[in-house]
Amino acid sequence: MGAGRLLVLCLALCAAAAAAQRGIRRPRTVSVGALFTYESTIGRAARLAIELAVDDVNADRTVLAGTTLNLISQDTNCSGFLGTIEALQLMEKNVVAVIGPQSSGIGHVISHVVNELHVPLLSFAATDPTLSASEYPYFLRSTISDYFQMHAVASIIDYFQWKEVTAIFVDDDYGRGGVSVLGDALGAKRARISHKAAIPPNSDTDLINDVLFRANMMESRVFVVHVNPDAGMRIFAIANKLQMMGTGYVWIVTDWLAAVLDSSGPGDPKAMSYIQGLIVLRQHTPDSDAKRKFVAKWNNAANNRSIASGMNSYGFYAYDSVWVVARAINEYLNSGQQITFSADPRLHNSNGSSLRLSKLKIFDGGDQLLQQLLLTNMTGLTGLVQFNADRNLVRPAYDILNVGGTGSRLIGYWSNYSGLSVSSPEILYRKPPNTSTSAQQLHSVVWPGDTTTKPRGWVFPNNGQPLRVGVPNKPSFRELVSVGKGPDNVTGYSVDIFNAAIKLLPYPVPCQFITIGDGSKNPNYDDIISRIATNALDAAVGDFAIVRNRTKIAEFTQPYIEAGLVIVAPVRKANSNAWAFFKPFTLEMWCVTGTLFIFVGVVVWILEHRSNEEFRGSPRRQILTIFWFSFSTMFFAHRENTVSALGRFVLIIWLFVVLIINSSYTASLTSILTVQQLATGITGLDNLVASALPIGYPAGKFVRNYLIDELNIPESRLVPLSTVEEYANALNRGPKDGGVAAVVDEMPCVEIFLSTHCNFRIVGQEFTKEGWGFVCSASNESLCIYSYTFVKGRIISALFFSPSLQAFQRDSPLAADLSTAILQLSESGQLQRIHDEWLTDPTCGDDDSGLGAVRLGLGSFWGLFLLCALICVFALMVYFARICWQYSRYSSSEPPSEPSDSAAAVTTATIAQIRPEKPKPTRLGSFKELIQFADTKEEEIKKVMKRRLSEKDTRATGSAHSVSSA
């Protein structure tokens, strides 16, 4: 270590000697300014730290060798006006750099001055993120920007899965800038600031009390406090009086409170009792020998000067800031630059003015010194000191503390590198970054009220205003929502479900029902939703729907009834007649079936003719056998046995086909003779859309837009209907008398309608579109939450909330609580009991399996018929191939053309016995001879062939004896 310092000293001396050789004379002193409030929590720690840093710099011969660093301090007195005056006075003293200011507000003002005078401004405490390098090029922040602190706060909120917070902040540049970043950081994690409680600077106790009282009326119980350290403790004393420091509350405090706690040492027990359970952030400074030595040195100097407060993290950054400036000035002088100032011609003394503006000089080397500052790369008390392209420190990190007892305990860290962790940032820097959700960790927290159970983070707003719940007052389907005399007399299935769910919430939710509509016609549901969007209503209960154009402003809870769009059509009894037994099959089906019967009979006759006596005989008998066998198989009453393998194979397949035909015919005939028939011929959605018939729909609902926009049905075909009586009248009249062919409505409404109208039925299947349900306004990112019922995307009842004094936004926690309540209703059976009480099961039944029974056509059986025909053809091909093979063998077994007299006599006699009336076949090419051969019994052919082979053997033996005799 001593050798290294000696080497640095030699290099510095060599640089100074080189500068002297070039004729450049280093100044004996260099003045550096400091701006902060002496009597403040941060100022007391920073003042002594800066003075100690200047002493250390001047004592170190490796830095500014031969040049003394002169510190000029100015007290800003916690005043923006006085701070600005002090800063201007400081600029008159030809300082090359300024350490400070402490206040972000003064930083905004002074940054304009230093931009003109080219004096770098290095602040150790101005954390306002809006103090940006793009606007203030000579402003450099040597501490951590609140941009990172607010992202750390957002990570903590996301870690505990809270979605809404109340921000309590001082209403100045420092407070507004931090809260603005907090809102953006929370938005990235699907959370938000639900209420901003701004406290004006220098507010008295009454004003703070009013601000906190209004914040306590809101639903969020997660408070983020971002104020100045010198007045911040009053907030908790007042909050304690308002009973806001007990169980259920969450307080997250930025690093100002850590500075207060570190500076105050052993705290006042009464003051500490106000802040039990708080989560506090503190700028992370790694532990090191240099840090421990400095703290001991600072404490000794503080004792000697009778400074009562202690050291805090801002003091460490102030100490490092002096060294950053000293090293930059050293590099600036070593490069051969001189410290000179020049007058600004635009600044001159005005006549009669006491402002000596002409004394404000421009630092000629300001830009070069700024570049040296930006190139800083050193290790100080706060760790690595290095600036990135945005002129922020490269490794921002925070300690996360939990206040308890007489002090605080460390529960984790946050760094821009890896997010929340229980490991120190120095360890994580040696590993690959991991900001995934599963990697985020904190130790357990003791919350206000001395509990380790995580608070829910919100309650229903305690502002004394009931929830304004709108209900549609309509003339139809009062089983869902029924409005009696007065707004308080509201009943119905949807209302009872809503009330039961509200009672299960772990907090009171006062409600006031507001009826919408005059009861003579259906109100427009879009108008009701518009009232919610404009805050005229807080909620609505009824048969609303979520549709595509509303999904951007919709939230959902657990559904509690299945529903969807269905088609209702009129039905009538079928008129039976003497020829009804022909109706199950179409004419085409009858023709093809009869043809196939005959075809199969012919195939079986061909396959059995040579080997089965029951399929032989006279031509008349064989034709009758074909027809009898074919049609007797319809009743499985055929008497003829099949003996060939191919015949049996074909018969098995055919009997299966006959079984299917018989079963289908029986079922269709039964349906035609016993069930109702559709009066309009509408059998489902596709059939309805393809027709040109008029369609009824419930007035005021989304069904009209759905039919037009999604199903492309012309508006001229749609007829609005409001009451159950209008439904029945329009369906009974039918399209020809000015009525409708069918009505499209929601399943629960249709079930209610069918319970009292038995001459109508549901046709086709329930059809829906994904994303239907309730909506409410989410202007300014506010949204509603609602309880609704749907299946496959379709709903029937819902509750939804809109922004107001008790506005709920996207991801509102009330939605989750209502979902839990609805699940409890379902598990306990209360949901079903309410359903049975209000929604009567249809007395007419809802089975539409026999509605509009249609005649069976070839389209339902062509595959079966084709399979049977192919099998028959295959069997015939095998059969004829076998015939040809046998005929070939038979022809090759004929005797020689010139037989002996005795042999010829035997052959002639044998053929005559087989077929005495026909000549013997002589060649394979004759088709007629082949047919004659196929008509011969197979058994007789085999006998002839066997005899011929025996004769050949006899002739061969006789010839051999003749040759021997010769």
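Because the structure is predicted, anything quoted here is derived from the model rather than measured. Below, each value reflects all heavy atoms present in this structure, side chains not excepted, and no hydrogens, waters or symmetry copies.
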Kindly indicate whether the side chain of Val253, heavy atoms from C-beta on, has any atom under 4.5 Å from the side chain of Phe236. yes

Please identify each residue that fulfils salt bridge (charged side-chain N to carboxylate O under 4.0 Å, His left out) with Arg478, with sequence neighbours left out. none

Interatomic distance, Lys503 atom NZ to Phe498 atom CZ [nearest 0.5 angstrom]: 11.5 Å

Would you call the rings of Phe760 and His757 parallel, tilted or perpendicular, where under 30° means parallel and over 60° means perpendicular? tilted

Tyr727 versus Asn732, side-chain donor and acceptor atoms under 3.5 Å: no

So for atom NZ, which belongs to Lys521, do other residues, nucleotides or ligands contribute more than 12 heavy atoms lying within a distance under 6.0 Å? no

More than 12 heavy atoms of other groups within 6.0 Å of Asp210 CG: yes

Is there side-chain contact between Leu565 and Val703, with heavy atoms separated by less than 4.5 Å? yes

Taking side chain as C-beta onward, heavy atoms only, is Val165 less than 4.5 Å from Ser194? no

For the student: nearest non-hydrogen atoms of Ala500 and Ile834, plus distance: CB-CD1, 4.2 Å

So, using side chain to side chain contact (heavy atoms under 4.5 Å, CB included) as the criterion, who are the partners of Thr491 when residues are at least two apart? Ser482, Asn489, Trp838

What's the separation between atom OG1 in Thr683 and atom CG in Leu685, rounded to the nearest 0.5 Å? 10.0 Å

Quick one: does Arg456's side chain get under 4.5 Å of Arg221's, heavy atoms only? no

For the residue pair Val403 and Val280, establish whether any side-chain heavy-atom pair is separated by less than 4.5 Å. yes

Is there a donor-acceptor pair under 3.5 Å between the side chain of Gln441 and the backbone N or O of Ser421? no

Between Ile516 and Leu537, does a side-chain contact (heavy atoms from CB on, under 4.5 Å) hold up when you go through it step by step? CA-CA 11 Å; Ile516 302 172; Leu537 292 175; 3.5 Å; yes

Run the ring pair (Phe, Tyr, Trp, His ring centres under 6.0 Å) test against Phe160 and tell me which residues pass, sequence neighbours left out. Trp162, Trp447

Looking at Asp527, is its backbone amide N or carbonyl O close enough to the side chain of Asn524 to form a donor-acceptor pair, meaning the two atoms are under 3.5 Å apart? yes

What's the verdict on side-chain contact (heavy atoms from CB on, under 4.5 Å) for Leu711 and Tyr706, showing C-alpha distance, side-chain angles and the deciding distance? CA-CA 7 Å; Leu711 302 183; Tyr706 177 76; 4.0 Å; yes

Is it true that a side-chain atom of Arg761 and a backbone atom of Cys758 form a donor plus acceptor pair closer than 3.5 Å? no

Could you pull out all residues at least two apart from Gln832 that satisfy side-chain hydrogen bond (donor to acceptor under 3.5 Å, both in side chains)? Asp836

Grab the two heavy atoms, one from Ala197 and one from Val211, that are nearest each other, plus how far apart they are. CB-CG1, 3.5 Å

With distance as the sole test, does Gln276 use its side chain to make a donor-acceptor pair with the main-chain N or O of Gly405 at under 3.5 Å? yes

Residues that Val179 engages under side chain to side chain contact (heavy atoms under 4.5 Å, CB included), provided they are two or more places apart: Ala167, Phe169, Ile193, Lys196

Taking every non-hydrogen atom, the tightest pair across Gln824 and Leu504: OE1-CD1, 3.6 Å

Heavy atoms only: give me the nearest Leu182-Ala154 pair and the separation to one decimal. CD1-N, 4.4 Å

Derivation and outcome, side-chain contact (heavy atoms from CB on, under 4.5 Å), residues Leu721 and Asn729: CA-CA 10 Å; Leu721 304 172; Asn729 292 337; over 6 Å; no

To the nearest 0.5 Å, tell me how far Lys474 NZ sits from Asp518 CG. 14.0 Å

Sequence neighbours left out, what passes side chain to side chain contact (heavy atoms under 4.5 Å, CB included) with Pro448? Give chain and number order. Trp251

Please report the closest heavy-atom contact between Pro455 and Gly248, naming both atoms and the distance. CB-O, 3.8 Å

Measure the shortest side-chain to side-chain distance between Thr723 and Glu726 over non-hydrogen atoms and say whether it is less than 4.5 angstrom. yes

CD of Gln830 to CD1 of Ile497, rounded to nearest 0.5 Å, is 7.5 Å

Under the ring pair (Phe, Tyr, Trp, His ring centres under 6.0 Å) test, residues paired with His195 that sit two or more places apart: none

Apply side-chain contact (heavy atoms from CB on, under 4.5 Å) to the pair Val224 and Thr166, showing each step before the final yes or no. CA-CA 6 Å; Val224 177; Thr166 294; over 6 Å; no

Report the residues that fulfil side-chain hydrogen bond (donor to acceptor under 3.5 Å, both in side chains) with Ser444, sequence neighbours left out, ordered by chain and then residue number. none

Shortest non-hydrogen contact from Leu731 to Pro570? O-CG, 3.8 Å

Is there side-chain contact between Leu401 and Ile411, with heavy atoms separated by less than 4.5 Å? no

4.5 Å side-chain heavy-atom contact, Leu688 and Val744: yes

Just jot down the side-chain hydrogen bond (donor to acceptor under 3.5 Å, both in side chains) partners of Asn712, sequence neighbours excluded, or say none. none

Short question: side chain of Asn402, backbone of Val446 - any donor-acceptor pair under 3.5 Å? yes

Sequence neighbours excluded, the answer for ring pair (Phe, Tyr, Trp, His ring centres under 6.0 Å) partners of Tyr697 is none

Taken in chain and number order and not counting sequence neighbours, the residues that satisfy side chain to side chain contact (heavy atoms under 4.5 Å, CB included) with Asn240 are Met245, Tyr274

Quick check against the 3.5 Å criterion: does Asn522 have a side-chain atom that pairs as donor or acceptor with the backbone of Ala699? yes

Taking atom CD of Glu725 and atom OG1 of Thr756, what is their separation to the nearest 0.5 Å? 8.5 Å

Enter the distance from Ile695:CD1 to Ile567:CD1 here, rounded to the nearest 0.5 Å. 7.5 Å

Report yes or no: does Ser476 contribute a side-chain atom to a donor-acceptor pair with the main-chain N or O of Ser722 at less than 3.5 Å? yes

By side-chain hydrogen bond (donor to acceptor under 3.5 Å, both in side chains), which residues pair with Ser155, not counting sequence neighbours? Trp414

